[in-house]
K.L.:
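My questions all concern the structure below.
Order of the sequence lines fixes the chain letters, A, B, ..., with proteins taken first and strands second; residue numbering starts at 1 for each chain. Note that these values count all heavy atoms, side chains included, but never hydrogens, waters or copies made by symmetry. What you see is a predicted model; the values in this text were computed from it and never measured.
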There are 2 protein chains.
Amino acid sequence: MDTVLQSLADPSDPALIRRLRGLDETGFPVDVDTVEEKPVTLFVNDQEIVTMMTILDRPEDLAIGYLLNQGLLGPEDVIEGIEFDADLSVVVVRTQDPFENRTKLDKKTLTSGCSGGTSFGNFLENIESVRLDPTVFRVSWLYGALSNIKAIPTLYASAGAIHGCALVNRQDPVIYVEDVGRHNAIDKIAGWMYRNSFRSSEAFLYTTGRLTSEMVIKAIRMGLPTLVSRSGFTAWGVELARASGLLLLGRCRGRRFIALSGESRIYFDVNPGFLSSRSAFGKMDDSDDK
Amino acid sequence: MDTVLQSLADPSDPALIRRLRGLDETGFPVDVDTVEEKPVTLFVNDQEIVTMMTILDRPEDLAIGYLLNQGLLGPEDVIEGIEFDADLSVVVVRTQDPFENRTKLDKKTLTSGCSGGTSFGNFLENIESVRLDPTVFRVSWLYGALSNIKAIPTLYASAGAIHGCALVNRQDPVIYVEDVGRHNAIDKIAGWMYRNSFRSSEAFLYTTGRLTSEMVIKAIRMGLPTLVSRSGFTAWGVELARASGLLLLGRCRGRRFIALSGESRIYFDVNPGFLSSRSAFGKMDDSDDK
């Protein structure tokens with residue numbers, strides 16, 4: 001695995017997991033590790049934007065990624081600082097220019113993102129004019145990446161009830177993030193990419209969550225030409241992906257996958273002898289079991 | 001199975017599923033059924049509240065349930081009418097009394113609900129003072145219900161990428177709803193309960209989604225003393241459940257389950273000989289496979 005791999009959430013961090021006592025089906029006491037879920041309120045300058053439920057491991061990345069993925073901040077904006085106050089559970093993003101007049105925060109859209117996808121204002125704006133880089137995507141990258149991702153220690157393995165998301169360069173996971181919301185996980189990756197000036201035309205995004213419109217829009221905003229999931233598709237997610245040239249691979253389990261958008265960009269460089277005759281028609285969604 | 005069962009989403013309804021052509025991992029063309037995901041905008045009187053992504057099978061139930069579960073409408077409110085305009089994809093709820101002054105719509109909270117849980121205003125208010133009815137819950141109801149739910153034809157079985165939620169009376173599913181968002185599914189049940197004046201002290205809620213704070217709060221608002229899931233827990237979800245006396249059963253698969261709140265209400269009326277020695281420690285979350 002590439003040495004640049006970072007798992008942003010540390011599964012051994014006691015702030016992320018709480019052990020709780022209960023009963024199992026035989027009536028015996030059991031101790032169960034559960035993932036923490038905490039509110040953090042995002043401000044831009046002195047304007048309150050939203051309160052998010054998160055594992056709160058990377059509030060700065062989450063804040064920036066959320067603003068970028070919602071279209072509330074763009075490449076032209078200068079961010080002067082980000083402050084996180086753990087006591088108040090508040091994260092403040094400071095911009096050089098005034099923020100108020102560009103937003104349409106009164107317009108609220110509840111998206112299909114697991115764990116609280118919500119968008120305000122211009123979430124959908126400009127998405128339909130985007131044409132992503134038509135790079136080739138090798139099937140060998142996918143198989144290598146899935147195998148590498150499996151080896152990453154995760155909060156999920158310790159406590160379940162959490163989604164994972166990886167930024168992958170060819171077959172190498174660069175970072176792996178987790179959150180109670182799959183939209184938070186992808187936003188944290190967007191924030192990390194921005195703050196680390198990450199660029200690669202061969203990068204793609206892997207998520208354990210479903211390929212809904214919200215997830216597709218976020219990937220397009222992040223300029224990533226390929227979005228991969230172990231879960232299934234919604235029709236509108238596919239429609240948006242097709243309009244922008246996003247390669248959309250779903251139902252990825254073992255060697256199986258289905259591509260419903262951008263198929264012409266796939267380079268089948270793996271010996272088909274590896275492949276069974278069954279294709280990826282199993283029903284699977286948002287399951288985080290690895 | 002009880003004859004009152006209704007599956008609110010009809011899996012044979014062509015408006016709910018779209019067949020799309022793509023490629024599988026062998027490079028061969030495949031046709032895949034995908035679930036529809038559509039925006040609907042909710043108004044109360046002339047005030048725009050939110051736009052929701054939904055399968056759009058029951059906009060009226062979704063609208064009423066959303067407003068009730070957010071605490072934006074209460075038992076004291078008189079609803080004079082609900083209108084859905086399919087062309088505009090708008091649902092309007094008309095109240096007898098003015099609505100504006102009671103809302104705090106400027107406060108937005110992104111919850112951990114799958115597929116876009118968002119709450120405004122007083123979502124959390126009054127929740128902590130609720131004490132639910134401490135009714136006995138029989139393990140035999142759970143096993144009966146899970147077996148009955150398995151037999152229900154679902155959109156999930158046809159297209160995947162969707163959450164299910166059932167209102168169950170003892171072991172009998174009363175209604176089964178599906179949506180791209182698990183928060184939408186539970187809201188539709190809340191709306192259906194209100195519109196059908198459903199009451200039962202032995203009813204419980206089953207969801208395929210995780211037991212996050214959002215799902216727990218909704219169950220409490222609905223006055224249901226028991227919430228059951230095949231998926232896992234978040235720590236805050238458990239905390240809220242314990243404060244209100246909600247019986248919270250998670251990781252329900254086959255005969256296995258874990259109770260992390262309200263355990264004293266469980267009546268173990270099933271012969272333990274049925275039970276294997278393994279308890280419900282498998283990692284499982286938001287997986288909709290049945």
K.L.:
Which residue in the set Ile162(A), Thr34(A), Val180(A) passes side chain to side chain contact (heavy atoms under 4.5 Å, CB included) when paired with Thr234(B)?
P.N.:
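Per the side chain to side chain contact (heavy atoms under 4.5 Å, CB included) rule, the option paired with Thr234(B) is Val180(A), out of Ile162(A), Thr34(A), Val180(A).
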K.L.:
Who wins among Gly237(A), Ser229(A), Gly27(A) for the most heavy-atom pairs under 4.5 Å with chain B?
P.N.:
Gly27(A)
K.L.:
Using heavy-atom distances under 4.5 Å, tell me whether Arg19(A) contacts chain B through its side chain, its backbone, both, or neither.
P.N.:
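When you check distances to chain B, no heavy atom of Arg19(A) falls under 4.5 Å.
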K.L.:
Can you measure from CG (Asp33(A)) to CZ (Phe233(B)) and round to the nearest 0.5 angstrom?
P.N.:
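Taking CG in Asp33(A) and CZ in Phe233(B), the distance rounds to 12.5 Å.
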K.L.:
Nearest heavy-atom pair of Gly232(B) and Ala161(A): which atoms, and what distance?
P.N.:
C-CB, 3.9 Å
K.L.:
Quick one, Tyr143(B) and Glu25(A) - any side-chain contact, counting heavy atoms below 4.5 Å?
P.N.:
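Yes, at least one pair of side-chain atoms sits under 4.5 Å.
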K.L.:
Check side-chain hydrogen bond (donor to acceptor under 3.5 Å, both in side chains) between Ser89(A) and all other residues, then give those that pass, not counting sequence neighbours.
P.N.:
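Checked Ser89(A) against side-chain hydrogen bond (donor to acceptor under 3.5 Å, both in side chains); zero matches.
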K.L.:
Quick one: does any side-chain atom of Glu37(B) pair with a main-chain N or O of Ser213(A) as donor and acceptor, under 3.5 Å?
P.N.:
yes
K.L.:
Give a yes or no answer on whether the side chain of Glu263(B) reaches the backbone of Gly22(A) with a donor-acceptor pair at less than 3.5 Å.
P.N.:
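Such a contact is absent between Glu263(B) side chain and Gly22(A) backbone.
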K.L.:
Between Arg210(A) (side chain) and Gly160(B) (backbone), is there a donor-acceptor pair under 3.5 Å?
P.N.:
no
K.L.:
Can you measure from CG (Asp24(A)) to CG (Leu249(B)) and round to the nearest 0.5 angstrom?
P.N.:
11.5 Å
K.L.:
Give the member of Leu211(B), Ile55(B), Val35(B), Leu23(B) that has the highest number of heavy-atom pairs under 4.5 Å with chain A.
P.N.:
Leu23(B)
K.L.:
Restricting to non-hydrogen atoms, name the atom on Ala159(B) and the atom on Arg251(A) that form the minimum distance, rounded to 0.1 Å.
P.N.:
O-NH2, 3.4 Å
